[in-house]
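Let me begin by presenting the structure, written as structure tokens, before commenting on it.
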Amino acid sequence: MKILANRKIKLIFCWALLFIIAFTLLSAVIIGLKFENTLLYVMICSLCMGISILSIGYWYFREQNKIMESAVIQIKDYISGNQNAHIECDDEGELYRLFHEVNSLVSILNAHAENEGKTKKFLKDTISDISHQLKTPLAALNVYNGIMQEEAKDLPNIKEFMVLSEQELDRIEILVQNLLKITKLDAGTIIIEKSIENVSEMMDYIKKHFSYRAVQEEKGIYLSGDDTITLLCDRNWLIEAIGNIVKNSLDHTKNRNAIHIEWKQFASVVQIIIKDNGSGIYPEDLYHIFKRFYRSRFSKVTQGIGLGLPLAKSIIEAHSGTIEVDSELGVGTTFTINFLIPTKL
């Protein structure tokens with residue numbers, strides 16, 4: 001039997017059998033010699049036998065509990081990040097077989113983690129190389145384009161094409177930058193450095209960043225919220241995320257429309273709401289707007305590249321936040337972002 005492979009279980013069975021035989025023989029002797037109060041002596045022998053067997057059982061289960069506690073400590077240690085955590089499994093039996101399988105699983109997970117680390121490093125290095133290789137020709141093309149614009153001052157048709165060329169170069173540069181950012185986030189090569197930041201100051205920075213475009217397009221950006229609300233976040237990355245959403249709202253609103261940015265704090269959540277009264281999103285597109293390079297067949301916006309909202313979502317989720325969208329055609333769109341407030345237990 002496999003259950004008897006463990007020497008401690010085998011020892012328990014041997015001791016229990018020994019006690020049963022010993023106390024049975026003792027009871028038989030007492031009965032054979034016909035002592036006075038024979039029944040009492042037999043009962044005492046039975047009680048002693050039961051106590052002896054229970055004592056052995058108690059000792060065994062106490063030892064098993066120590067072994068299990070030690071295994072649990074090692075498992076928790078591994079979960080906490082100690083990859084060298086190991087459960088001792090030098091004995092025989094089904095329990096130690098289980099421990100051996102757990103150790104094998106840990107080894108496999110460590111191997112996968114090591115391979116993933118190497119893959120991330122390779123991806124990070126590749127992304128850095130691509131970034132360097134792309135920035136140089138883009139910068140050169142922008143310089144050449146600027147020179148040609150100067151030379152084409154008196155040639156309206158060529159100047160118009162140069163302006164369009166500059167716009168396309170800007171689009172390529174934004175595409176490259178967003179691709180690099182979103183790929184780095186996916187690869188886990190970007191460290192989100194969180195600190196306590198004032199939400200009002202960040203939203204004011206975003207408003208100022210888009211103020212020139214808003215004035216040019218006759219659109220309003222309005223802020224509302226408590227000036228004392230703070231959030232544990234990476235300021236630069238969160239501004240990037242909210243900025244992409246505001247840019248999306250500007251892209252899909254008409255002249256004299258408005259964008260409202262509001263922030264609130266609840267018991268365990270900081271909420272940021274970006275609401276516009278623009279064209280809205282078609283119901284069939286609503287579930288796809290956070291997909292990369294997704295473009296609605298109804299969209300009339302040509303300057304978008306389909307990475308702003310996916311990048312915003314990735315950044316927000318890297319902050320353990322959530323983003324939801326609600327929209328109605330011809331009425332407007334509302335983005336609701338929720339961040340949990342860390343609590344000390």
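When reading the values below, keep in mind they use all heavy atoms of this one structure, side chains included, and skip hydrogens, waters and symmetry mates.
Legend: salt bridge (Lys or Arg N to Asp or Glu O under 4.0 Å) pairs involving residues 310-324, not counting sequence neighbours, sorted by first then second residue: K313-E317. Within the structure, salt bridge (Lys or Arg N to Asp or Glu O under 4.0 Å) contacts touching residues 192-206 (residues at least two apart or in different chains) are E197-R235, D204-K208. The salt bridge (Lys or Arg N to Asp or Glu O under 4.0 Å) pairs that include a residue from residues 265-283 number zero, where partners must be two or more places apart or lie in different chains. Contacts classified as ring-ring contact (aromatic ring centres under 6.0 Å, His included) and involving residues 310-341 (residues at least two apart or in different chains) are not found.
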Requested in this report: Evaluate side chain to side chain contact (heavy atoms under 4.5 Å, CB included) for I337 paired with T322, printing each intermediate quantity in order.
Outcome: CA-CA 6 Å; I337 307 165; T322 62; over 6 Å; no
Query raised in the report: When you look at V269 and L340, which way does the side chain to side chain contact (heavy atoms under 4.5 Å, CB included) test go after all the steps?
Result: CA-CA 5 Å; V269 170; L340 282 175; 3.9 Å; yes
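Of the possible polar contacts, one joining the N115 side chain to the A111 backbone as a donor-acceptor pair under 3.5 Å is found. With hydrogens and angles ignored, the 3.5 Å screen pairs no side-chain donor or acceptor of S70 with any backbone N or O of K66.
L223 and I206 fall within a single hydrophobic cluster, where Ile, Leu, Val, Met, Phe, Trp and Tyr side chains are chained together by heavy-atom contacts under 4.5 Å. Put simply, I274 and F290 are part of the same group of oily side chains (I, L, V, M, F, W, Y) that touch within less than 4.5 Å, one to the next. Y205 is connected to I229 through a chain of hydrophobic side-chain contacts under 4.5 Å among Ile, Leu, Val, Met, Phe, Trp and Tyr, so both are in one cluster. In this structure, I323 is a member of the same hydrophobic cluster as I341, with clusters built from ILVMFWY side-chain heavy atoms closer than 4.5 Å.
In terms of heavy atoms, A214 sits closest to I221 at CB-CD1, 4.1 Å. Contact detail for L329 and P283: the closest heavy-atom pair is CD1-CD, 4.3 Å. Heavy-atom minimum distance, N277 versus A258: OD1-N, 2.9 Å. Taking every heavy atom of both residues into account, L250 and K219 meet most closely at O-NZ, 2.6 Å. Closest approach of S200 and D227 over heavy atoms only: OG-OD1, 3.2 Å. The minimum heavy-atom distance linking A312 with A241 is given by the pair CB-O, 3.5 Å.
When the options I239, V246, I261 are evaluated for a side chain to side chain contact (heavy atoms under 4.5 Å, CB included) with M203, the one that passes is I261.
Taking Ile, Leu, Val, Met, Phe, Trp and Tyr as members and joining any whose side-chain heavy atoms lie under 4.5 Å apart, directly or through other members, F266 forms no hydrophobic cluster with any other residue. Other members of the cluster containing I196 are L232, with ILVMFWY side chains joined at under 4.5 Å, either directly or via other members. With side-chain heavy atoms closer than 4.5 Å counting as contact, directly or through intermediates, the hydrophobic cluster containing L47 also holds I51. The hydrophobic side chain of V215 is isolated, with no ILVMFWY side chain under 4.5 Å apart from it.
Counting heavy atoms from C-beta outward, E262 and Q271 have side chains that stay 4.5 Å or more apart.
Interatomic distance, CD1 of I281 versus CG of L286, reported as 5.5 Å (0.5 Å rounding). In this structure, CG on N236 lies 10.5 Å from CE on M202, to the nearest 0.5 angstrom. Separation of atoms CG (L231) and OG (S195) is listed at 9.5 Å; rounding is to 0.5 Å. Distance CG/N103 to CG/L105: 9.5 Å, rounded to 0.5 Å. Rounding to the nearest 0.5 Å gives a distance of 8.5 Å between CD1 of I273 and OG of S224. Summarising the geometry, atom CD belonging to Q216 is positioned 15.0 Å from atom CZ belonging to F210; distances are rounded to the nearest 0.5 Å.
Considering only residues two or more places apart in sequence or on other chains, I73 meets the side-chain contact (heavy atoms from CB on, under 4.5 Å) condition with none of them. Not counting sequence neighbours, the partners of Y222 by the ring-ring contact (aromatic ring centres under 6.0 Å, His included) test are H260. Taking E114 as the reference, K118 meet the salt bridge (Lys or Arg N to Asp or Glu O under 4.0 Å) condition, with sequence neighbours excluded. Here R256 pairs with E218 under the salt bridge (Lys or Arg N to Asp or Glu O under 4.0 Å) rule; sequence neighbours left out.
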